[in-house]
Amino acid sequence: MALQLFNTLSGKIEPLFASDGHALRFYCCGPTIYDYGHIGNFRTFLHVDVLRRTARLSGLALHHVMNITDVDDKIIRNAAASGKSIGEYSARFERAFFEDMDALGIERPEEIARATQNIPAMASLIERLAAQGIAYKTEDGSWYFRINRFPGYGKLSKKDLAGMEDGARVDLDEYDKDAARDFALWKAARPEEIASQAAWDTALGPGRPGWHIECSAMAMKYLGDSIDLHAGGEDLMFPHHENEIAQSEAASHKPFARHWFHVRFLLVEGKKMAKSEGNFFTLRDLLLKGYRASAIRFLLLSVPYRHQLNFTLDSLTESTNAVDRLRTFNRRIRNQAWPDQAPADDALLELIRKGDAGFTAALEDDLNTAEARAAVFDVLRAVNTAADQGNLSRMAAEQTLALLDKFDAIFAVLEDHDAEHTRAALAWAEAEDRLSQVAPEVLERFGAGSLTDAQIEALVAERTRAKQQRNFARADAIRKELLEKGILLEDSRQGVRWKRT
RNA sequence: GGCGCGGUACCCAAGUGGUAAGGGAGAGGUCUGCAAAACCUUUAUGCGCCGGUUCGAUCCCGGCCCGCGCCUCCA
């Protein structure tokens, strides 16, 4: 069974396929690097990541391009305010963006396309539109797209142009363009933009590209006139993606993207998480409060992409516990030797097989991550029960591990890298003089003077010796001391395990 | 006003025309030197409200109430 995915354009769930028979050519609108991203931004990239991983699970090869918008009004404004060029200003936010992507376990696309490195492609696309009279230049030297020359305008967002007549919301007199809905393709250079190195000399005249033309030009340059899939947050549907369609299809006279994928918003207290609302959390905020990167990933993926997710710190704690349970289970099954034979093995093997099939089927059914998760927990409980009763065979354990590997190829939370991401966030906070934002327990557990792994191991060994001598008072004292420093011990037949809480 | 989405147990959440997955939390229990982990039991005669279709609806249709998003930069 192939991956079935909701297509915003058709309004239906449709199979996703590579039209060239080789690789899925897909484009995802990336970040504008004027500031740190918040976790609402990353929700989109996380679900695009699951889409990537599921497509691969279904046998699709990928050619995924993501843009970086490294020139825009906010970048120009902030760069000017700090006396830097736009490149100097935005570099640190691009670095931070990829650090956050890594901490959240998001795979890199096959190609990253920076707007400022693709100006010629944008200029020539505008020239193609100008040659048809669809792009026109205004007195100040800017270029606009003439919407009434593209009859399909509104087909993606299902907007009726007749209901958006000129003058309805926009005062035409403020603009030097033919119709209020016409959107900017090229913005004529202003003096301060030349100072920030945010202007380019092209046949269109000095200036910089509009946001919409960036994506059209880069998608077509890297992936061709007609692409398989285009992804982004739901807010980009209109006008951004609508404008991309208009630009690309008006220029090429071919369908631009066959399949459109939109991820719905993350809410906070019932409202959209947004910079402008001030109700946002960055990944760094949360790591410095002591939440784990894996829990954030798991929470944001647990609600399917077509539903809004109301983010709360409580739900993040729940996710932490759920990830812990999965990790404990994974360690238990992976690190123990299981007998060749076990009673009731056929029934258990069948249950695992069903769980495995259910996991894949759920993902292939429009990326139903909630149901996929549930399939794994079903197996977890049954296998733990069998293991408790001595009824887990080596074969069943291997099948279980195969499912866990498949699960982790999508969810990517079983391997514990949380401490290193928290340490990195702490180092960043120190460098940025933001230590006041760090929760005390994070400082204690991960900051200077916190226990190293070797010190922990030594204490654990000392406690084991004390236990062997039946000096339980000393053993319990060590356990208590470690727990206060965020280290939880677990005794088992296979020895003592410890983990950070 | 136009377009789109949603209202399921204490919280998060899946789902189907035939009688409610899963996670978290709470309570009780088993196991263990004690813990932790794990397991067992337990928490919706009901899926926003009112009608309709049907042998039967949480799931289909109609109306209503509530919430969110887009219609302007925005993941």
Just name whichever nucleotide pairs with B/U45, Watson-Crick or G-U, keeping both distances under 3.5 Å, else none.
none

Distance, rounded to the nearest Å, where A/D476 contributes CG and B/A35 contributes P
10 Å

What contact category does A/D491 fall into here, base, sugar-phosphate, or nothing, at under 4.0 angstrom with non-hydrogen atoms?
base

Selection from B/C70, B/G4, B/A38 that lies nearest to any side-chain heavy atom of A/R264
B/G4

Return the pairing partner of B/U72 with a 3.5 Å limit on both distances, Watson-Crick or G-U wobble; otherwise return none.
none

Separation of the P atoms in B/A25 and B/U16, to the nearest angstrom:
28 Å

If we ignore angles and hydrogens, is there a donor and acceptor under 3.5 Å between the side chains of A/E457 and A/W498?
yes

With ring centroids as reference points, do A/F298 and A/F411 lie under 6.0 angstrom apart?
yes

Nearest heavy atom decides the nucleotide; on that basis, is A/F298 or A/F329 closer to the 5' end of RNA chain B?
A/F298

Side-chain donor or acceptor of A/Q308 under 3.5 Å from a matching atom on the base of B/G69?
no

For residues A/F256 and A/H230, establish whether the separation of their ring centroids is below 6.0 Å.
yes

Taking the same atom, C1', in B/G4 and in B/A38, what whole-Å distance lies between them?
45 Å

N or O in side chain of A/T385 less than 4.0 angstrom from B/C40 OP1/OP2:
yes

Just how far, in rounded Å, is P of B/A75 from CG of A/L283?
16 Å

Between B/A44 and B/A21, how far apart are the two P atoms, rounded to whole Å?
12 Å

So what does A/M273 hit on the nucleic acid, given a heavy-atom distance under 4.0 Å: a base, only sugar-phosphate, or nothing?
base

Which nucleotide wins on minimum distance to the side chain of A/D235, given the candidates B/A37, B/C73, B/A75?
B/A75

What about the rings of A/F311 and A/F281, do their centers lie closer together than 6.0 Å?
yes

Within the 4.0 Å heavy-atom criterion, would you say A/A274 contacts the bases, only the backbone, or no part of the nucleic acid?
nothing

Hey, is the side chain of A/R331 poking within less than 4.0 Å of OP1 or OP2 on B/A37, counting only N and O atoms?
no

For the residue pair A/H212 and A/F183, categorise the inter-ring angle as parallel (less than 30°), tilted (30 to 60°) or perpendicular (more than 60°).
perpendicular

Neighbour count >12 (heavy atoms, 6.0 Å) for atom NZ, A/K406:
yes

With a non-hydrogen cut-off below 4.0 angstrom, is A/N368 in contact with a base, only sugar-phosphate, or nothing?
sugar-phosphate

Whole-Å distance separating the NE2 atom of A/H307 from the P atom of B/G22:
19 Å

Rounded to whole angstrom, note down the C1' distance from B/G7 over to B/U58.
12 Å

Tell me which nucleotide among B/A38, B/G15, B/C40 gets nearest to the side chain of A/R381.
B/C40

Using whole Å, what does the distance between atom P of nucleotide B/A35 and atom CZ of A/R474 come to?
21 Å

Identify whether any heavy atom of A/K275 sits under 4.0 Å from a base atom; if not, whether one sits that close to sugar-phosphate; answer base, sugar-phosphate or nothing.
nothing

Establish, with yes or no, whether the OP1 or OP2 oxygen of B/G22 is under 4.0 angstrom from a side-chain nitrogen or oxygen of A/R325.
no

Which base sits across from B/C39 as a Watson-Crick or G-U pair, both distances under 3.5 Å?
B/G29

Can the ring centres of A/F93 and A/Y34 be said to be less than 6.0 Å apart?
no

With a non-hydrogen cut-off below 4.0 angstrom, is A/G270 in contact with a base, only sugar-phosphate, or nothing?
sugar-phosphate

In whole angstroms, the gap separating C1' of B/A37 from CD1 of A/I333 amounts to 12 Å

Testing B/A13, B/U72, B/C39 for proximity to the side chain of A/A370, the answer is B/A13

Looking only at B/C71, B/C3, B/G22, the nucleotide nearest the A/R181 side chain is B/C71

Quantified in whole Å, what is the P atom distance between nucleotide B/U54 and nucleotide B/C49?
23 Å

Looking at A/K271, does any N or O in its side chain come under 4.0 Å of the phosphate oxygens OP1/OP2 on B/C68?
yes

Whole-Å distance separating the CZ atom of A/F311 from the P atom of B/A13:
13 Å

Closest of B/A37, B/G69, B/C71 to the A/E490 side chain is B/A37

Could you check how far CH2 of A/W260 sits from P of B/A75, rounded to whole Å?
16 Å

Does A/N321 place a side-chain N or O at less than 4.0 Å from the phosphate oxygens OP1/OP2 of B/A25?
yes

Counting side-chain heavy atoms from C-beta on, which of B/A38, B/C34, B/C73 comes nearest to A/R479?
B/C34

Under 4.0 angstrom, heavy atoms only, what part of the nucleic acid is A/L266 near: base, sugar-phosphate, or nothing?
base

Across all strands, who's sitting opposite B/C60 as a Watson-Crick or G-U wobble pair, both distances under 3.5 Å?
B/G52

Within the structure, does a side-chain N or O atom of A/N384 lie under 4.0 Å from either OP1 or OP2 of B/A38?
no

Which residue, A/R292, A/K499, A/R327, forms the salt bridge (charged side-chain N to carboxylate O under 4.0 Å, His left out) with A/D416?
A/R327

Donor-acceptor pair between A/T8 and A/H262 side chains, under 3.5 angstrom
yes

Taking the six-membered ring for Trp, does A/F472 stack with B/G33 (centroid gap under 5.5 Å, planes within less than 30°)?
yes

Along RNA chain B (nearest heavy atom to each residue), the more 5'-positioned of A/E234 and A/S319
A/S319

Across all strands shown, which nucleotide pairs with B/G6 by Watson-Crick or G-U wobble geometry, both distances under 3.5 Å?
B/C66

Send over the distance from A/D324 CG to B/A38 C1', rounded to a whole Å.
14 Å

Using a heavy-atom cut-off of 4.0 Å across all strands, would you classify A/L489 as base, sugar-phosphate, or nothing?
base

Counting only side-chain N and O atoms of A/K272, is one of them less than 4.0 Å from OP1 or OP2 of B/C70?
yes

Can you tell me how far P in B/C47 sits from the matching atom in B/C10, rounded to whole Å?
13 Å

Identify whether any heavy atom of A/D73 sits under 4.0 Å from a base atom; if not, whether one sits that close to sugar-phosphate; answer base, sugar-phosphate or nothing.
nothing

Mind checking A/P304 for me? I need base, sugar-phosphate or nothing, with any heavy atom below 4.0 Å counting as a touch.
sugar-phosphate

What is the nucleic acid contact for A/S315, judged by heavy atoms within less than 4.0 Å: base, sugar-phosphate only, or nothing?
nothing

Is A/V263 touching bases, backbone alone, or none of the nucleic acid, heavy atoms closer than 4.0 Å?
nothing

Roughly how far apart, to the nearest Å, are B/A14 and B/U8 at atom C1'?
10 Å

The side chain of A/E371 is closest to which nucleotide in this list: B/C71, B/C68, B/A14?
B/A14

Distance flag, aromatic centroids of A/F97 and A/Y36, threshold under 6.0 Å
no

Spacing of the P atoms in B/C59 and B/G15 (rounded, Å):
15 Å

